[in-house]
Amino acid sequence: MFPLPGRIIRTTMFDETPLLRRVLGQPPDRIAVWSPSAPSITYGALAAESDPIARLLLAGRPTLGGASVGLLLPPGPSFVAALLAVWRAGGVAVPLSASHTAPELGHILKTAAPDATIVGSGLGAAITTSCAELMGRRLDITVLPQIALVGAASPDRERDDRGPPERRTGAAEPAALMLFTSGTTGKPKGVMLSHAGVAATLESLAEAWRWRADDRLLCALPLYHTHGLIVALLGALWAGASVRFMSFDADSIWDALEDVSVFMAVPTMYVRLVDAFAVATSDQRARWAAHARALRLFTSGSAALPAPLLAAFAQATGQTILERYGMTEIGMALSNPYDGPRVAGSVGTPLPGVGIDIVDDAERPVADGEPGELRVRSPQLFLGYHGDPQSTAGSYDRAGRFRTGDTGVRGTDGFIRLLGRTSVDILKSGGYKLSALEIEDVLRGHPAVAEIAVIGVPDPVWGDRVTACVVLRDGATVTLEALRGFGGDALAPYKLPRELRVLTSLPRNSMGKVRKSLLK
Ligand code: MCA
Ligand code: AMP
């Protein structure tokens with residue numbers, strides 16, 4: 001029994017989602033979130049904290065009925081309580097990032113049209129303005145001990161007539177999350193994930209990776225993407241395990257490994273860990289290696305884990321990182337084995353419940369050893385892009401499989417290797433998916449820029465290094481600094497170019513389209 005059963009007006013459908021049943025059904029005195037510098041938070045306390053937040057969101061209504069609620073909170077127990085509250089109230093959580101600029105937040109708020117946004121103290125000013133401007137609503141701000149609720153619905157307020165988010169199937173599949181991710185067409189899209197789809201991801205990973213209630217996860221990933229939110233945080237909570245949140249700093253992470261059993265990261269984080277290890281004192285190295293050896297599991301995903309990095313980490317710690325593959329729209333699809341050999345440069349075999357075909361241009365399966373595009377069938381698949389049924393429909397092939405846009409090859413051992421992406425306009429920097437077109441659209445506005453093409457140049461730290469290839473206007477000059485300064489008002493820092501190439505012209509095909517493969 002958790003402490004406050006029944007204090008929320010029950011919504012029958014939403015309180016019965018597998019995610020809530022699982023998390024709120026954990027023993028109330030079990031620790032959910034801990035930190036050496038603050039009191040531990042139990043599952044019971046999380047449930048209790050979520051209760052008043054859910055009531056505020058509901059404002060007397062029986063349910064939010066699938067309306068979305070923004071979450072702009074730093075990783076920590078308040079984030080988890082707020083997330084649970086949104087679900088208990090029957091809402092769809094839209095995690096937001098404090099590193100996003102006002103225009104980026106504006107795009108998300110406009111698309112998601114949240115009924116309310118829960119904002120952490122100190123993060124309120126920008127979003128309050130954005131909400132007020134974009135949602136055109138009177139704001140009711142209620143300050144809780146640590147969080148503020150912006151734009152909360154009041155019972156007599158006129159309801160938004162946009163209605164609940166559309167669903168791919170007519171079936172009653174309540175949505176749990178709207179996660180924003182870049183696509184090939186400019187601005188990020190809102191990926192709608194159902195409670196059942198997220199639960200399918202968690203079930204699959206619990207089986208494949210043997211999550212246990214006594215696991216202790218160290219989470220330094222951001223919580224507004226699938227990796228940090230679903231694979232790491234919810235993976236732990238699904239098992240009744242506990243999580244410690246930290247911001248990423250290599251030395252602190254090495255120290256903190258002492259007290260955990262599972263660590264999940266993007267390759268850039270492992271690069272930083274290995275670099276820090278290389279310059280550490282011999283005492284530190286001995287200590288850090290001993291910490292790392294005691295972990296049950298290290299995983300990597302979101303971008304390719306280079307084989308030399310896997311080897312360097314193994315040499316330092318004796319641990320072979322488990323590499324897996326996923327995508328916001330499809331959840332987790334492929335994984336190296338928990339038991340048995342993990343193959344460097346490979347993302348392994350399909351996770352439980354997932355079907356993968358590798359197909360040619362005619363959508364016919366290719367033979368083992370032949371490259372093709374990965375297509376996915378899975379109970380984890382998304383409900384659709386919010387407000388964009390056309391893109392949703394276009395993301396499936398005639399056989400009803402999701403088109404990943406990732407190319408790969410299956411070996412005779414059944415293990416799949418990824419070879420790259422079908423689109424040159426999708427980049428991955430430090431695990432973040434970036435749209436070259438979104439960056440070009442902003443930087444093209446710089447007065448010195450006549451033409452621009454953004455490409456990802458292979459980089460040992462970031463995966464893809466965002467590189468701006470620019471043709472200047474007559475007599476104009478520009479520096480990388482100036483271009484970054486110009487783009488910084490509109491784009492999050494991780495989207496800004498790290499390199500500038502000034503060219504006299506851009507290579508184009510007969511249709512006038514820039515030949516980015518040639519540029520690369
Ligand atoms: C930070 N910077 C970056 C990036 N991150 N630049 C390019 N790419 C990045 N990813 C910028 C900062 O803004 C700063 O710019 C400068 O680099 C140095 O900042 P620093 O503090 O050193 O970086 P950091 O804040 O420590 O960030 C590095 C990071 C971070 C911790 C690796 O990028 C990160 O958390 N990445 C995880 C992304 C993620 O979770 N992706 C999952 C997507 P300036 O000098 O101008 O201030 S979900 C997914 O991909 C699927 C589902 C899957 O399979 O998982
Ligand atoms: P996102 O849209 O942010 O969810 O990113 C999904 C994309 O990340 C996939 O389509 C892949 O291109 C990439 N990705 C995820 N995991 C891996 C991996 N282990 N190796 C290479 N690329 C990966």
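Values below: all heavy atoms of this structure, side chains included; hydrogens, waters and symmetry mates excluded. This one's a predicted model, so the numbers in the text were calculated from it and none came from an experiment. First listed ligand is number 1; within each ligand, the first listed atom is number 1.
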(request) Give a yes or no answer on whether the side chain of Arg216 reaches the backbone of Asp259 with a donor-acceptor pair at less than 3.5 Å. (result) yes

(message) Which of the numbered atoms in ligand 2 are under 4.0 angstrom from any heavy atom belonging to Arg324?
(response) 16 (N), 18 (C), 19 (N)

(request) Give the numbers and elements of all ligand 2 atoms closer than 4.0 Å to a heavy atom of Ala304. (result) 20 (N), 21 (C), 22 (N)

(message) Give the atom numbers and elements of ligand 2 that come within less than 4.0 Å of a heavy atom of Glu323.
(response) 18 (C), 19 (N), 20 (N)

(request) Report, in ascending order of atom number, the atoms of ligand 1 lying under 4.0 Å from any heavy atom of Pro493. (result) 13 (O)

(request) Determine, stepwise, if the pair His225 / Phe180 fulfils ring pair (Phe, Tyr, Trp, His ring centres under 6.0 Å). (result) CA-CA 8 Å; His225 284 305; Phe180 277 78; over 10 Å; no

(message) Between Arg377 (side chain only) and Ala399 (backbone N and O only), is there a donor and an acceptor less than 3.5 Å apart?
(response) yes

(message) Less than 4.0 Å is my threshold; does some heavy atom of Lys433 fall inside it relative to ligand 1?
(response) no

(request) Test ring pair (Phe, Tyr, Trp, His ring centres under 6.0 Å) on Phe277 and Phe313 and set out the steps. (result) CA-CA 9 Å; Phe277 194 88; Phe313 194 77; 8.4 Å; no

(request) Let me see the working for Thr317 and Trp288 under side-chain hydrogen bond (donor to acceptor under 3.5 Å, both in side chains), right down to the final yes or no. (result) CA-CA 8 Å; Thr317 63; Trp288 289 349; over 6 Å; no

(request) Check each atom of ligand 1 against the heavy atoms of Thr328 and keep those under 4.0 Å away; list them by number with element. (result) 52 (C)

(request) Run the numbers for me: atoms of ligand 1, each under 4.0 Å from some heavy atom of Leu221, listed by number. (result) 40 (O)

(request) Please say whether Asp406 places an N or O atom under 3.5 Å from an N or O atom belonging to ligand 2. (result) yes

(request) Examine the proximity of ligand 1 to Arg272 and report which part, side chain or backbone, both or neither, has a heavy atom under 4.0 Å away. (result) side chain

(message) Tell me the contacting part of Ser182 for ligand 2: side chain, backbone, both, or neither, using a 4.0 Å heavy-atom threshold, strictly below.
(response) neither

(request) Go through ligand 2 atom by atom and flag the ones less than 4.0 Å from a non-hydrogen atom of Lys433. (result) 2 (O), 3 (O)

(request) Under 4.0 Å, heavy atoms only, figure out whether ligand 1 is touched by the backbone of His227, its side chain, both or neither. (result) both

(message) Can you tell me if Pro222 contacts ligand 1 (heavy atom of the residue under 4.0 Å from the ligand)?
(response) yes

(request) Say whether His225 and ligand 2 are in contact under the criterion: heavy-atom distance to a ligand atom below 4.0 Å. (result) no

(request) Of all the heavy-atom pairs spanning His100 and Ala492, show the shortest one and how long it is. (result) CD2-CB, 3.8 Å

(request) May I ask you to check whether Tyr325 has an N/O atom sitting below 3.5 Å from an N/O atom of ligand 2? (result) no

(message) Tell me if a side-chain donor or acceptor on Asn336 pairs with a main-chain N or O of Ser346 at a distance below 3.5 Å.
(response) yes

(request) Mark up the atoms of ligand 1 that fall under 4.0 Å of a heavy atom belonging to Arg324, in ascending order. (result) 53 (C), 54 (O), 55 (O)

(request) Look at atom 17 (O) of ligand 1 and say whether a protein heavy atom is found at less than 4.0 angstrom from it. (result) yes

(request) Check whether any side-chain N or O of Arg244 sits under 3.5 Å from a backbone N or O of Leu218 as a donor-acceptor pair, and report yes or no. (result) no

(request) Return a yes/no value for Ser302: is any of its N or O atoms, backbone included, closer than 3.5 angstrom to an N or O of ligand 2? (result) yes

(request) Could you list which atoms of ligand 1 come closer than 4.0 Å to a heavy atom of Met269? (result) 31 (C), 35 (O)

(message) Does Leu217 form a side-chain contact (heavy atoms from CB on, under 4.5 Å) with Phe263? I'd like the steps, not just the answer.
(response) CA-CA 6 Å; Leu217 169 78; Phe263 180 69; over 6 Å; no

(message) Restricting to non-hydrogen atoms, name the atom on Tyr270 and the atom on Thr299 that form the minimum distance, rounded to 0.1 Å.
(response) OH-O, 2.7 Å

(message) Please check whether Lys428 reaches ligand 2 - meaning an N/O of the residue sits under 3.5 Å from an N/O of the ligand, judged on distance alone.
(response) yes

(request) May I ask you to list the atoms of ligand 2 that are less than 4.0 angstrom from any heavy atom of Thr328? (result) 1 (P), 2 (O), 3 (O), 4 (O)

(message) Check Lys516 with Glu440, please: is the shortest side-chain N to carboxylate O separation under 4.0 Å?
(response) yes

(message) Suppose I only count heavy atoms of Gly430 and a 4.0 Å limit; which atoms of ligand 1 are within that range?
(response) 10 (N), 33 (O), 36 (N), 37 (C), 38 (C)

(request) Measure the distances from the heavy atoms of Thr226 to every atom of ligand 2 and state whether one is below 4.0 angstrom. (result) no

(request) Go through ligand 2 atom by atom and flag the ones less than 4.0 Å from a non-hydrogen atom of Met327. (result) 4 (O), 6 (C), 10 (O)

(message) Please confirm whether the ring centroid of Phe382 lies under 6.0 Å from the ring centroid of Phe402.
(response) yes

(message) Using only atom types and a distance under 3.5 Å, with no angle test, would you say the side chain of Gln380 pairs donor to acceptor with the backbone of Met332?
(response) yes

(message) Under a 3.5 Å distance rule, please check whether Lys428 uses its side chain to pair with a backbone N or O of Ser302 as donor and acceptor.
(response) yes

(request) For atom 17 (C) of ligand 2, grab the closest protein heavy atom and report residue, atom and distance to one decimal in Å. (result) Ala303 N, 3.6 Å

(message) At less than 4.0 angstrom from any non-hydrogen atom of Met327, what atoms of ligand 1 do you find?
(response) 52 (C)

(message) Pairing donors with acceptors under 3.5 angstrom, does anything connect the side chains of Asp215 and Ser261?
(response) yes

